[in-house]
A.B. asks: 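Just dropping this structure here.
All values below were derived from every heavy atom in this structure, side-chain atoms included, with hydrogens, water molecules and symmetry-related copies excluded. Lettering of chains follows the sequences in order, A, B, ..., and the numbering in each one begins at 1.
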Amino acid sequence: MFVYEKQLQYPVRIRKPDQRMASVIISQYGGPDGELGASLRYLSQRYSMPYDELKGLLTDIGTEELGHLEMVGSMIHQLTRDLSDCQIQDSAFAPYFTDHGLGVYPQFASGQPYHAAAMAVKGDPITDLHEDLAAEQKARTTYENLIHLADDPDVIDVLRFLRAREIVHYQRFAEALALVQDRLEEKNFYAFNPAFQCGCGK
Amino acid sequence: MRNEYIGVSIDGDARGAGQSRSAGCGCGARQPRYTACENQRTQPCSRCGQVNCTCQNHSVCDDGCYQTKPCSRCGNDNCTCQNRSACDDGCYQTKPCSRCGNDNCTCQHHAGNTRCNGHTPAMVYAAHHDLDSLYCAEKALFRGTLFGCLDKPMCHERCMENPCFTQCQADKFAIWELRLYLNTHPCDQQAQALMRKLVSQMDEDCGCAFNPDCGNRWSWTEGPWPWEYQHCCGKEA
């Protein structure tokens, strides 16, 4: 089950609202490589993992990504508070504002709503871990792109932290892959899918 | 054979097998991205003073270049053992490989594999790390990781100089980060001992802060909620 802790993993204190940044940072909320997709991917993949360490890791990283989702949502909320009408009309934020006001809605930066086609759950631990490795790199790159677009140190500080977490998650998934390799025959890792209880030869 | 595998030889010639000299100069001199730093391998690293320092990670060098210090497990100079769960049985890199007879062979069970480097085609392999370059909890939260070897900033990374969080937040982060490590290193005794230490530190620093039953009123719903902007730094709370 899930328990909520009433605190962000890393503080978000954005002194200066900036709706231009909000309209791109939304990508890490509900975009193809954002935190919603990441958490749903890991929390969904854990059911078909055959090894306890992987169930634990996917549960924990999936949970942490929900915390990051909250941080990105907090950024959007703080970047869009206290807007005056003339600010809204001048920015690329106007279409989002029309449909969502000052709400936080999971969508791509292009405006497309979040959809699960942005993630994969293949039910094979080697395949799913490779998906996870790629997902962490895509998230890292997206944060780097956002850091390049930002100029407010309050914003960059949070993006920098989130980017660092992606690198750590990448390392953990690589170690998880090593755990799978240790348990399979190295002459042919693909002889069977260990997620299937009745795999051939077992 | 050990040095050929790693790709760096002791006498200073960095053009070993498979060693790339392109992106990611880690020597601290300010180079544009994607340009190899010509000084990287032949001049002493500005952080640890080692010639041939291959460390790409700034923070590891604070404690000395880990690749040139003798491995604390097997005593070898250029040991690449990064701690696997196999290490429960002793660092397999110190025992001669029963197949190829090499001292630092990383293969454990490769029948007939003449390269004997522990890897087979059609798969990718992880580089492991251990607990050698740990940050304190506050620095860990600021940098986004407890492990110096995983601290990989962007070039010219701009960041806040005075981050604003409590010791309690920092302790919780360190515990979380160590938890992820223990998920993939369940037998690491050093990590387990550190976890016990961090937990008792956290109990001290966090106290009653998140227990909604303190006081006369049910306070769970009281603001501020975590996403709300607060003028005051958390430390003042």
A.B. asks: Which atoms of B:Phe173 are under 4.5 Å from chain A, going by heavy atoms: the side chain, the backbone, both sets, or neither?
C.D. replies: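 Side chain of B:Phe173 only, per the 4.5 Å heavy-atom cut-off to chain A.
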A.B. asks: With a 4.5 angstrom heavy-atom cut-off, could you sort out which part of A:Gln171 is near chain B: side chain, backbone, both or neither?
C.D. replies: side chain
A.B. asks: Let me know if A:Ile167 has heavy atoms under 4.5 Å from chain B in its side chain, its backbone, both or neither.
C.D. replies: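 It is the side chain, since no backbone atom gets that close.
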A.B. asks: Enumerate the residue pairs fulfilling side-chain hydrogen bond (donor to acceptor under 3.5 Å, both in side chains) with a member in residues 27-36 of chain A, sequence neighbours excluded, ordered by first and then second residue.
C.D. replies: A:Gln28-A:Tyr143, A:Glu35-A:Tyr143
A.B. asks: Can you tell which part of A:Leu177 gets under 4.5 Å to a heavy atom of chain B, answering side chain, backbone, both or neither?
C.D. replies: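 Only the side chain of A:Leu177 comes within 4.5 Å of chain B.
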A.B. asks: What part of A:Tyr190 lies closer than 4.5 angstrom to a heavy atom of chain B: side chain, backbone, both or neither?
C.D. replies: side chain
A.B. asks: Taking side-chain contact (heavy atoms from CB on, under 4.5 Å) as the definition, give me every residue that meets it alongside A:Lys122, ordered by chain and number, with sequence neighbours left out.
C.D. replies: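 For A:Lys122 the side-chain contact (heavy atoms from CB on, under 4.5 Å) partners, ignoring immediate neighbours, are A:Thr127, A:Asp128.
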A.B. asks: For the backbone of A:Arg165 and the side chain of A:Arg140, can you confirm whether one donor and one acceptor N or O come within less than 3.5 Å of each other?
C.D. replies: no
A.B. asks: I need the residue from A:Glu64, A:Arg172, A:Arg81 with the largest number of non-hydrogen atom pairs under 4.5 Å to chain B.
C.D. replies: A:Arg172
A.B. asks: Look at the side chain of A:Tyr96 and the backbone N and O of A:Tyr105, then say whether any donor-acceptor pair between them is shorter than 3.5 Å.
C.D. replies: yes
A.B. asks: For B:Ala122, is it the side chain, the backbone, both, or neither that has a heavy atom closer than 4.5 Å to a heavy atom of chain A?
C.D. replies: both
A.B. asks: If we ignore hydrogens and angles and just use 3.5 Å, is the side chain of A:Arg13 paired with the main-chain N or O of B:His231 as donor and acceptor?
C.D. replies: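 It does hold such a pair.
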A.B. asks: Establish, yes or no, whether the cationic atom of A:Arg15 lies under 6.0 Å from the six-membered ring centre of B:Tyr229 and within 45° of the ring axis.
C.D. replies: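 That pair does not qualify as a cation-pi contact.
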A.B. asks: Sort out for me which of A:Ile61, A:Ile14, A:Leu57, A:Asp60 touches chain B most, counting heavy-atom pairs under 4.5 Å.
C.D. replies: A:Asp60
A.B. asks: Go through the atoms of A:Ile147 and report whether side chain, backbone, both or neither lie under 4.5 Å from a heavy atom of chain B.
C.D. replies: both
A.B. asks: Under 6.0 Å between the ring centres of A:His169 and A:Tyr42?
C.D. replies: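 No - the distance between ring centres of A:His169 and A:Tyr42 does not fall below the 6.0 Å cut-off.
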A.B. asks: Specify which of A:Lys55, A:Gln78, A:Gln9 makes the most heavy-atom pairs with chain B at under 4.5 Å.
C.D. replies: A:Gln78
